[in-house]
Amino acid sequence: HGEQQKQMNNKVAEFIFRILSYIITCFERFISFLNKNAYIQIAIKGSNFCVAAKDAFGIIISNPLRFGVTAGLGEIFIFMGKLFITCVSTVLGYFIITTVSYTHLRAHETGRNLVCRLLLEKKK
């Protein structure tokens, strides 16, 4: 019976730890978001950090929908930018690999010379 009690206490402690961890993570993310917006207010108005943080908090509280939509759109644009960079890099890498002839390379070439030759010479 004592062993079951210890296991039950461990599960309860683990559950409480997870809840506290979640609360701390949410608080940390909110403070980070508020901090970013406070620095934006400092850049716009030139006020000190405490005043800017109070102003930023007021703006966030009075416009939650706008902040939510803006954050969502920002995430979408960041994802599209990453996807674009990945696609362009892949296509450029493909064309560099397929248009350069590797048969003329010598084993003793390394470093800058090899990279320059690979990038500048075209396939014959």
Side-chain angles (χ1 to χ4, degrees):
H1 182 52
E3 187 66 33
Q4 287 179 340
Q5 186 68 24
K6 285 182 184 179
Q7 287 178 351
M8 192 61 144
N9 287 343
N10 286 344
K11 288 183 181 182
V12 170
E14 183 180 340
F15 180 73
I16 291 171
F17 178 74
R18 285 186 183 184
I19 289 174
L20 290 175
S21 177
Y22 177 75
I23 291 170
I24 290 170
T25 301
C26 288
F27 182 71
E28 181 182 9
R29 290 178 72 187
F30 174 74
I31 293 297
S32 175
F33 181 70
L34 181 64
N35 191 32
K36 180 178 80 170
N37 286 290
Y39 280 118
I40 291 170
Q41 288 296 315
I42 290 171
I44 293 172
K45 294 183 177 180
S47 57
N48 67 30
F49 181 79
C50 293
V51 172
K54 181 182 75 85
D55 292 343
F57 184 74
I59 292 170
I60 292 168
I61 293 299
S62 64
N63 300 301
L65 185 61
R66 286 183 182 176
F67 272 88
V69 169
T70 303
L73 287 174
E75 290 296 321
I76 290 170
F77 279 110
I78 288 172
F79 174 75
M80 289 173 59
K82 289 178 181 178
L83 186 65
F84 176 76
I85 290 170
T86 302
C87 291
V88 168
S89 298
T90 302
V91 169
L92 286 175
Y94 173 77
F95 283 122
I96 288 172
I97 289 172
T98 57
T99 59
V100 175
S101 172
Y102 298 101
T103 58
H104 64 284
L105 296 177
R106 292 178 285 286
H108 67 279
E109 291 188 65
T110 58
R112 291 184 307 204
N113 298 335
L114 178 61
V115 173
C116 289
R117 284 187 66 184
L118 288 175
L119 292 176
L120 298 176
E121 292 185 11
K122 299 246 184 211
K123 207 181 231 183
K124 294 179 182 179

Show me the pairs that pass salt bridge (Lys or Arg N to Asp or Glu O under 4.0 Å) and involve residues 80-95, at least two apart or across chains. none

Cluster check Val88, Met80: I/L/V/M/F/W/Y, side chain < 4.5 angstrom: no

Which residues satisfy the salt bridge (Lys or Arg N to Asp or Glu O under 4.0 Å) test with Lys45, sequence neighbours excluded? Asp55

Which pairs, with at least one residue in residues 56-71 and sequence neighbours excluded, count as a salt bridge (Lys or Arg N to Asp or Glu O under 4.0 Å)? none

Members other than Phe49 in its cluster, when Ile, Leu, Val, Met, Phe, Trp, Tyr link by side-chain heavy atoms under 4.5 Å? Tyr39, Ile42

Measuring from Ile40:CD1 to Asn35:CG, what's the distance to the nearest 0.5 Å? 10.0 Å

Kindly give the cluster partners of Phe57, where membership spreads through any ILVMFWY side chain lying under 4.5 Å from a current member. Phe27, Phe30, Ile31, Phe33, Leu34, Ile59, Ile60, Ile61, Phe67

Val91 side chain reached by Phe95 side chain, heavy atoms, under 4.5 Å: yes

In Å, rounded to the nearest 0.5 Å, how long is the span from OG1 of Thr90 to CD1 of Ile85? 11.5 Å

Would you mind listing the cluster partners of Phe17? Hydrophobic ones only (ILVMFWY), side-chain contacts under 4.5 Å, chaining allowed. none

Go through the structure and list residues passing side chain to side chain contact (heavy atoms under 4.5 Å, CB included) with Asn48, not counting sequence neighbours. Cys50, Val51

Any pair counted as ring pair (Phe, Tyr, Trp, His ring centres under 6.0 Å), so long as it reaches residues 73-93, sequence neighbours left out: none

Return the minimal non-hydrogen interatomic distance between Ala38 and Ala52, and the atom names on each side. O-CB, 3.4 Å

Can you list the other members of the hydrophobic cluster that holds Phe15, where links are side-chain heavy atoms under 4.5 angstrom apart? Ile19, Ile23

Please identify each residue that fulfils salt bridge (Lys or Arg N to Asp or Glu O under 4.0 Å) with Glu14, with sequence neighbours left out. Arg18

Test of understanding: with side chain to side chain contact (heavy atoms under 4.5 Å, CB included), list the residues that count as partners of Ile16, not counting sequence neighbours. Val12, Leu20

Which residue pairs pass the salt bridge (Lys or Arg N to Asp or Glu O under 4.0 Å) test with at least one member in residues 21-42, sequence neighbours excluded? none

